[in-house]
Number of protein chains: 2
Amino acid sequence: MSRWAPVVWDGRVKLIVEELAMGSSAPAVLVIDDEMQIRRLLRAALQARGWRVMEADGGQLGISEVALGRPDAVILDLGLPDMDGVDVVRRLREWNRVPILVLSVRDSAEEKVRALDAGADDYVSKPFNTEELLARLRAIQRRGDPGSDGPEFVSGVLQIDFAAREVRVGGRRLGLTRIEYAVLKTLARNAGKVVTQRQLLREVWGPQGDDCSNHLRVHLAHLRTKLSAAGFDRNRIQTETGVGYRLIE
Amino acid sequence: MSRWAPVVWDGRVKLIVEELAMGSSAPAVLVIDDEMQIRRLLRAALQARGWRVMEADGGQLGISEVALGRPDAVILDLGLPDMDGVDVVRRLREWNRVPILVLSVRDSAEEKVRALDAGADDYVSKPFNTEELLARLRAIQRRGDPGSDGPEFVSGVLQIDFAAREVRVGGRRLGLTRIEYAVLKTLARNAGKVVTQRQLLREVWGPQGDDCSNHLRVHLAHLRTKLSAAGFDRNRIQTETGVGYRLIE
DNA sequence: ATGCTGTCTTAATGCTGTCTTAATGCGAAT
DNA sequence: ATTCGCATTAAGACAGCATTAAGACAGCAT
């Protein structure tokens with residue numbers, strides 16, 4: 001099948017194309033808000049500016065979503081039903097430095113001070129101007145994360161520096177194509193665990209990217225060949241027949 | 001000039017004396033505002049919280065003060081008499097990444113977007129709540145300064161002086177156009193890492209500057225030609241197809 | 001205003017490298 | 001034995017890239 005079989009040329013498809021153009025590494029933002037209307041509004045605005053948008057409707061879910069999805073920024077509504085918003089900030093800051101923009105209906109100085117001192121990077125009162133919010137989001141996201149230098153994934157001879165998009169095997173740089181890198185990145189992020197084919201397909205070809213499983217096999221073969229040529233044991237990418245693949249730690 | 005030869009007892013000298021008095025280890029903030037009342041108010045509040053305070057009453061002076069005094073944060077009033085505040089931000093950002101909190105009497109979204117996209121880190125409207133402003137200052141200052149240990153970049157034969165906007169290859173000066181310089185600067189600031197096309201496009205053509213990818217290619221070709229003509233290995237600007245570019249360290 | 005200079009944009013070309021497609025062979029499960 | 005899923009390879013299609021040249025444009029000095 002061709003990737004250009006989709007019948008509709010809607011926003012979703014356009015997004016996929018854009019993601020592909022960016023090596024599927026478009027910055028992701030997590031919106032934590034219990035009001036669906038706000039989430040919808042933000043999703044539309046953010047996607048229009050090239051963000052990948054994730055959503056959570058509660059604090060608990062939001063925190064786990066940060067852990068799982070590793071967003072590049074977080075928009076957090078303080079008025080969540082399940083827990084205090086400032087506590088969410090605090091909990092996140094215990095282990096994560098992702099930029100956090102706090103939203104709130106309250107406009108009091110004390111509230112702002114509380115949130116900012118808990119570790120939030122900016123505070124915007126509702127109702128907000130969308131353009132301003134986007135600009136503020138850009139501002140806090142622009143100032144990258146200082147504390148992340150060097151390879152973030154190391155396992156034997158294989159090391160991956162996600163920030164630099166660089167893969168090394170035994171110290172030697174490896175040139176990977178967009179798709180090969182995306183596949184390896186996903187496997188590495190879930191090292192030891194089985195990554196389903198669907199998961200890989202979505203990572204590379206987007207939500208509509210099922211029935212590209214043959215492509216996946218081809219690229220995996222290339223990936224294995226390149227890795228093993230550089231001294232990486234080819235068998236460390238295991239095939240779980242009918243399920244997916246696993247990178248042995 | 002010797003620090004203890006000053007003929008005039010002006011603000012700068014006063015500042016030095018204060019630095020000595022504070023042991024000069026406290027974080028410094030530069031307040032750029034033409035209204036003396038505001039400066040006094042801020043000075044009192046900031047000093048009470050342990051900041052070392054520097055002052056400038058105009059944009060020109062403020063910029064040179066940033067260069068000389070290397071403050072850890074800047075509070076900048078947009079409504080300066082001698083130049084447009086947003087321009088001050090822009091000028092500072094050409095070579096410096098110090099956190100900037102912008103103050104303004106104007107509360108319009110456009111103004112905020114302009115200032116933030118120019119490189120400011122936060123925007124507070126006057127009249128402001130002092131506690132909130134201090135909390136915001138802490139928030140932007142907390143998120144340290146990642147990539148600027150000095151305005152110099154050196155890697156092999158290539159050296160860039162961001163302050164002077166000067167590029168040298170093997171000591172010889174290189175004349176670059178605005179766009180060429182902006183591209184090289186961005187690559188250098190992220191040396192070793194892949195800089196996405198979108199990132200470069202935004203750096204040069206602003207936030208809505210997508211769909212200029214062809215221009216980018218043209219200017220990159222010029223840049224590579226100029227660099228290699230001066231003795232810089234052309235391959236040290238790598239292309240990551242479909243993703244972006246990387247300057248090899 | 002006018003012309004000059006250097007920069008930016010636009011467009012066209014050929015090319016490189018990546019992705020897709022399809023064909024073949026293998027092995028495990030039915 | 002047959003079928004299904006997977007690995008591998010090779011070849012062609014295609015997107016994205018590099019490069020060049022020419023025209024538009026802005027900035028600047030006259």
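Remember, it's a predicted structure, so these values are computed and weren't measured experimentally. Each chain gets a letter, A, B and so on, in the order its sequence line appears, and its residues count up from 1.
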Quick one: list whatever passes side-chain contact (heavy atoms from CB on, under 4.5 Å) with [X], sequence neighbours left out.
| X | result |
| --- | --- |
| B:Glu166 | B:Asp161, B:Ala164, B:Arg168, B:Arg173 |
| B:Glu203 | B:Lys185, B:Thr186 |
| B:Thr177 | B:Ile179, B:Glu180, B:Lys226 |

Self-check item: Nearest to side-chain heavy atoms of A:His215, which nucleotide of C:dT9, C:dT21, C:dC19
Solution: C:dT21
Return the value, rounded to whole Å, for the distance between atom [atom1] of [X] and atom [atom2] of [N].
| X | N | atom1 | atom2 | answer |
| --- | --- | --- | --- | --- |
| B:Gln238 | C:dT16 | CD | C1' | 15 Å |
| B:Leu176 | C:dC8 | CG | C1' | 15 Å |
| B:Asn235 | D:dA18 | CG | P | 11 Å |
| B:Arg178 | D:dC28 | CZ | P | 13 Å |
| B:Leu201 | C:dC8 | CG | C1' | 15 Å |
| A:Tyr181 | C:dT18 | OH | P | 16 Å |

Quiz item: For nucleotides 4-10 of chain D, read 5' to 3', which letter fits each nucleotide if B means a protein heavy atom sits under 4.0 Å from the base, S means only the sugar-phosphate is that close, and - means neither?
Solution: --SSBB-
Quiz prompt | side chain to side chain donor-acceptor pair (under 3.5 Å) pairs, two or more places apart, involving residues 71-82 of chain B | solution = B:Asp77-B:Lys126
Quiz item: Looking at B:Tyr123, does the NZ or CZ of A:Arg136 lie under 6.0 angstrom from its six-membered ring centre and within 45 degrees of the ring axis?
Solution: no
Quiz item: Is the NZ or CZ atom of A:Arg70 positioned over A:Phe162's six-membered ring, under 6.0 angstrom from the centre and within 45° of the axis?
Solution: no
Quiz item: Which stems, defined as runs of 3 or more consecutive Watson-Crick or G-U wobble pairs with both pairing distances under 3.5 Å, involve DNA chain D?
Solution: C:1-30 with D:1-30
Quiz item: Does OP1 or OP2 of C:dC8 have a side-chain N or O of B:Trp205 closer than 4.0 Å?
Solution: no
Under a 3.5 Å distance rule, please check whether [X] uses its side chain to pair with a backbone N or O of [Y] as donor and acceptor.
| X | Y | value |
| --- | --- | --- |
| B:Ser108 | B:Glu111 | yes |
| A:Arg142 | B:Gly119 | yes |
| A:Arg39 | A:Asp33 | yes |

